[in-house]
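Okay, so here's the structure we're looking at.
Here the structure is a predicted model, which means the values were calculated and not measured. Atoms considered below: every heavy atom in the structure, side chains included; atoms not considered: hydrogens, waters and symmetry mates.
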Amino acid sequence: MSHAPAPAVPDLGTLRLQYRNDKAALLAQLGVQGSSTRGVRSALQQLSKLTDQTLRELWSIAGFGPGFSLIAVGGFGRGELFPFSDVDVLVLLPDGSLPDEDAALKARLEAFIGACWDLGLEIGSSVRTAADCVAEAAKDVTVQTSLLECRLICGSKNAFASLVNQLGEAMDPKAFFVAKTLEMRQRHTKFENTPYSLEPNCKESPGGLRDLQIILWVAKAAGLGRSWDELARKGLATPLEARQIKANEALLSLIRARLHLLANRREDRLVFDLQTTVAESFGFKAQVPAVITPGGPGPHVAPTARGTRRASEALMKRYYWAAKAVTQLNQILLLNIQERLQSDVAGVDRMRPLNERFFDKGGMLEVASDNLYVQQPHAILETFHLYQTTVGIKGLSARTLRALYNARPVMNARFRADPVNRAQFLKILQEPEGITHAMRLMNQTSVLGRYLWVFRHIVGQMQHDLFHVYTVDQHILMVLRNVRRFFIAEHSHEYPFCSQLAAGWDKPWVFYIAAIFHDIAKGRGGDHSDLGARDVRTFCRQHGIAREDTKLIQFLVAEHLTMSRMAQKEDLSDPDVIAAFAKRVGNERYLTALYLLTVADIRGTSPKVWNAWKGKLLEDLYRYTLRALGGRAPDPGAVIEGRKREALSMLALHALPHMAHKALWDTLDVGYFMRHQADEIAWHTRVLTRQLAQTAAKPVARPEDGTEVPIEKCIVRARISPEGEGLQVLVYAPDQSDLFVRICGYFDSSHFSILDARVHTTLTGHALDTFQVVAPSMSDHYRELIAMVENNLAQTIDERGPLPPPTKGRLSRRVKSFPVTPRVDLRPDEKAQRWLLSVSASDRAGLLYGITRVLARYDINVQLAKITTLGERVEDTFLISGAQLQMNKRQIEIETELLETLEG
């Protein structure tokens with residue numbers, strides 16, 4: 001096929017300027033401050049029309065002949081264009097056109113596409129004949145979907161109509177439905193199957209715009225409608241559902257458009273960096289509660305008060321509610337479309353009556369009538385009890401989901417106060433199986449928040465503490481799942497000790513109620529533990545729960561943070577600490593319940609927060625307290641003798657000579673034996689005894705007075721941690737003021753994280769320090785790692801050169817967006833013999849080393865260090881001593897320098 005030579009591309013300056021000015025005016029409409037979604041769709045359509053007009057002018061300049069067509073595809077084909085989205089077009093060639101063999105045509109295409117880019121259009125182009133399009137669509141469902149939304153911009157109408165006809169004839173609606181739903185499932189898996197990600201993608205995440213688009217794609221492919229109103233007319237959606245979809249689609253579209261504008265690029269994720277800016281563009285402002293000043297003239301604003309609500313928090317809550325509604329409506333409409341695509345007869349054949357209100361429809365729970373819940377509100381909670389207890393039921397049918405969605409007004413205060421409903425809800429919690437699944441489904445269908453009104457307030461509630469990675473409602477359901485698994489034999493391998501304790505428990509539902517209420521008062525201001533305890537007391541009274549069970553549940557909610565704090569911050573070798581905790585819990589039943597809930601709670605915050613070391617601390621606190629509650633007050637003498645006997649039994653297995661341990665043990669005081677377990681004592685003894693025996697054979701220094709002093713090298717030994725995570729490192733060296741900071745400096749520069757440090761000074765003036773450390777990625781080759789630590793750390797200590805500067809690690813985006821206010825608390829312990837230093841800050845590389853450098857400058861000895869990393873926040877506690885701490889002026893200087901270090 002011959003063509004006229006491609007015309008020279010004229011100066012496009014005027015066209016470019018006009019396009020940019022017109023686009024800027026349209027973007028200004030989208031950027032107007034406020035949360036009203038009115039006009040957002042019109043603005044996106046106007047942007048698409050402006051782009052259409054610009055493309056027509058460029059097409060005209062390019063001079064394509066008859067038979068050629070320019071077609072909008074993909075998102076652009078819907079006739080809506082976001083500010084920085086790609087402009088996807090198809091250049092439809094006449095049959096038989098071969099650009100690779102036609103130089104003039106190839107030049108014309110290149111000139112057209114180049115002109116688009118020069119003008120500022122981020123073009124995504126494909127060049128095909130109709131036959132090519134049909135062939136590609138058959139091979140790739142993504143291409144098929146893109147062409148499903150094709151729209152003629154300019155060119156041959158006949159060629160476009162022919163393409164649409166060929167694509168329609170090739171379409172298999174059932175196969176397309178299966179392919180798109182599988183694709184959706186894979187996409188949801190990529191986003192962890194939750195709309196409640198803390199940085200959701202408003203286009204791709206579950207509950208995002210893509211979940212709405214897929215409904216229209218499969219409906220259009222099946223000839224069931226092209227718009228929400230058309231789906232409503234054909235009975236696939238109710239008028240209410242169509243209105244709800246359009247409202248939520250407009251909100252998600254406005255959020256996405258604002259993201260593009262504020263990022264000045266294509267950005268579909270609500271990343272932390274942009275959440276506040278987007279929230280402010282919607283008119284949301286931070287809300288700070290008024291606090292009454294005792295003796296003061298009236299309320300004042302407290303910027304750091306608990307209960308402060310960020311602007312971003314308000315935006316995200318609104319987003320999560322929209323995403324949740326989209327998720328529900330997506331499920332309802334897709335199930336309806338699936339039923340339309342399947343044989344009606346086959347659907348009837350699968351109906352099996354369960355009772356007069358419900359059917360089993362191919363494994364889906366089906367209501368007997370559309371208005372069942374309006375006429376019989378008691379059937380609402382019965383739905384979830386049947387789902388929980390009926391074998392073979394794996395979900396709710398579209399009809400049931402729609403009936404629940406439309407019955408939301410029925411779930412009012414009267415519904416919540418109904419004794420039958422209260423009994424049914426408690427029955428769901430007390431069933432032996434299916435509790436987690438039932439509660440998750442109740443939350444997904446908005447029934448849980450409408451029955452438990454206090455739960456409704458925390459649906460979609462973000463947590464800005466840098467270690468929770470779930471919204472409050474999702475965290476609560478995760479904790480419920482975790483505690484439930486303690487009672488399921490199939491999961492006993494995960495936490496054997498917890499499963500062992502749970503096996504002897506008579507009322508598992510006590511934990512389920514405590515789990516649901518433990519964080520239910522988050523975001524209300526005040527202490528959420530106390531507020532939650534009041535809420536759960538009311539719940540128990542309303543549901544007729546016995547007094548003794550109520551007291552236990554209320555205790556668990558009120559104290560759910562106590563055991564974690566004690567284990568990670570207090571010195572568990574101190575008998576007074578154990579005695580105080582034993583007094584607080586009161587008895588073994590309460591202790592066991594609190595331990596199980598605490599483990600489930602920590603595991604439910606984030607995959608990064610739980611580790612084996614935290615598990616050991618909690619278990620140690622449980623066992624020590626259990627012993628104290630049994631009437632056996634900790635007797636340091638008896639404990640020490642028991643550990644010594646156990647350690648000697650272990651040493652005998654290694655053929656250590658008789659009394660060989662005495663040289664070391666005679667240098668150790670009570671504190672050492674109280675803080676170390678028998679296996680650690682045996683390991684230290686085995687390693688150090690041989691070294692101590694060789695001291696006399698070491699080279700000596702000859703000071704000026706003629707005395708001979710052995711030249712001692714430090715001893716560093718490492719082993720795989722008995723807790724199964726990381727390494728346990730032993731350091732034995734002549735004590736020096738900067739030894740601890742030097743060790744921390746080595747671990748910092750080698751990118752190890754310190755989980756725990758126990759520092760001891762022997763009666764001969766030697767430091768005997770034990771560290772629990774983990775590397776970012778622990779190698780399978782532990783021998784090489786252990787050898788590296790032993791050699792390099794010993795060399796670092798012996799060289800005694802100047803202290804290296806701390807490493808400067810980059811702060812994560814999340815820490816930058818939600819920084820932790822640095823906090824330093826320095827106070828004497830209860831016996832006024834040592835000092836407790838507590839610090840809290842955003843985590844970063846070099847932080848611990850920086851803290852210890854400050855302590856070293858003031859000659860402060862660290863005797864115990866508990867390093868707690870909660871996601872991206874650190875909560876570290878140090879037991880310290882030193883003469884400088886006795887002077888008020890020095891205390892202020894130390895605290896000031898520590899704050900400067902924490903602030904970075």
Nearest non-hydrogen partners of Arg16 and Asp118, listed with the distance
NE-O, 2.9 Å
Any Lys/Arg nitrogen of Glu183 or Lys180 sitting under 4.0 Å from an Asp/Glu carboxylate oxygen of the other?
yes
Using 4.0 Å as the upper bound for N to carboxylate O, is an ion pair formed by Arg269 and Glu267?
yes
Over 12 foreign heavy atoms within 6.0 Å of CZ, Arg565
yes
If the plane angle is over 60° it's perpendicular, under 30° parallel, otherwise tilted; pick one for Trp453 and His457.
perpendicular
From Leu480 CG over to Met439 CE, what is the distance, rounded to the nearest 0.5 angstrom?
7.0 Å
Could you check if a side-chain atom of His188 sits within less than 4.5 angstrom of a side-chain atom of Arg185, using non-hydrogen atoms only?
no
Between NZ of Lys203 and CZ of Phe82, what distance do you get to the nearest 0.5 Å?
9.0 Å
For Glu313 and Gln275, which I'm curious about, is there any donor-acceptor pair between the side chains at under 3.5 Å?
no
For Tyr373 and Thr383, test the side chains for any donor-to-acceptor distance below 3.5 angstrom and give the result as yes or no.
yes
Answer yes or no: is there a side-chain heavy-atom contact under 4.5 Å between Leu396 and Arg402?
no
Does any donor atom in the side chain of Glu241 or Trp228 lie under 3.5 Å from an acceptor atom in the other side chain?
no
Would you call the rings of Phe84 and His260 parallel, tilted or perpendicular, where under 30° means parallel and over 60° means perpendicular?
tilted
Less than 4.5 Å apart, any side-chain heavy atom of Arg41 and any of Glu249?
no
Please tell me if the side chains of Arg210 and Gln213 come closer than 4.5 Å, counting only heavy atoms from C-beta onward.
yes
Distance check, rounded to the nearest 0.5 Å: Gln444 atom CD versus Leu404 atom CG?
12.0 Å
Side-chain heavy-atom pair Met184, Asn330 within 4.5 angstrom cut-off:
yes
Any donor-acceptor N or O pair under 3.5 Å, side chains Ser48, Glu80:
no
Is the backbone of Val459 close enough, under 3.5 Å, to the side chain of Trp321 for a donor and an acceptor to pair up by distance?
yes
In terms of side-chain heavy atoms, does Asp473 have a donor or acceptor partner in Thr471 at a distance below 3.5 Å?
yes
In the structure I gave you, are the side-chain heavy atoms of Arg450 and Phe455 within less than 4.5 Å of one another anywhere?
no
In this structure, CZ of Phe539 is separated from CG of Asp535 (nearest 0.5 Å) by 11.0 Å
Side-chain heavy atoms of Asp52 within contact of Arg151, under 4.5 Å:
yes
Decide, yes or no, whether a salt bridge links Glu875 with Arg823 under the criterion of side-chain N to carboxylate O below 4.0 Å.
yes
So do Phe191 and Ser197 actually touch side chain to side chain, heavy atoms under 4.5 Å?
no
Mind checking the CG-CZ spacing from Asp88 to Arg78? Nearest 0.5 Å is all I need.
10.0 Å
May I ask you to decide if Glu230's main-chain N or O and Ser227's side chain share a donor-acceptor pair within less than 3.5 Å?
yes
Which distance, rounded to the nearest 0.5 Å, do you find between the CZ of Phe272 and the CG of Leu198?
5.0 Å
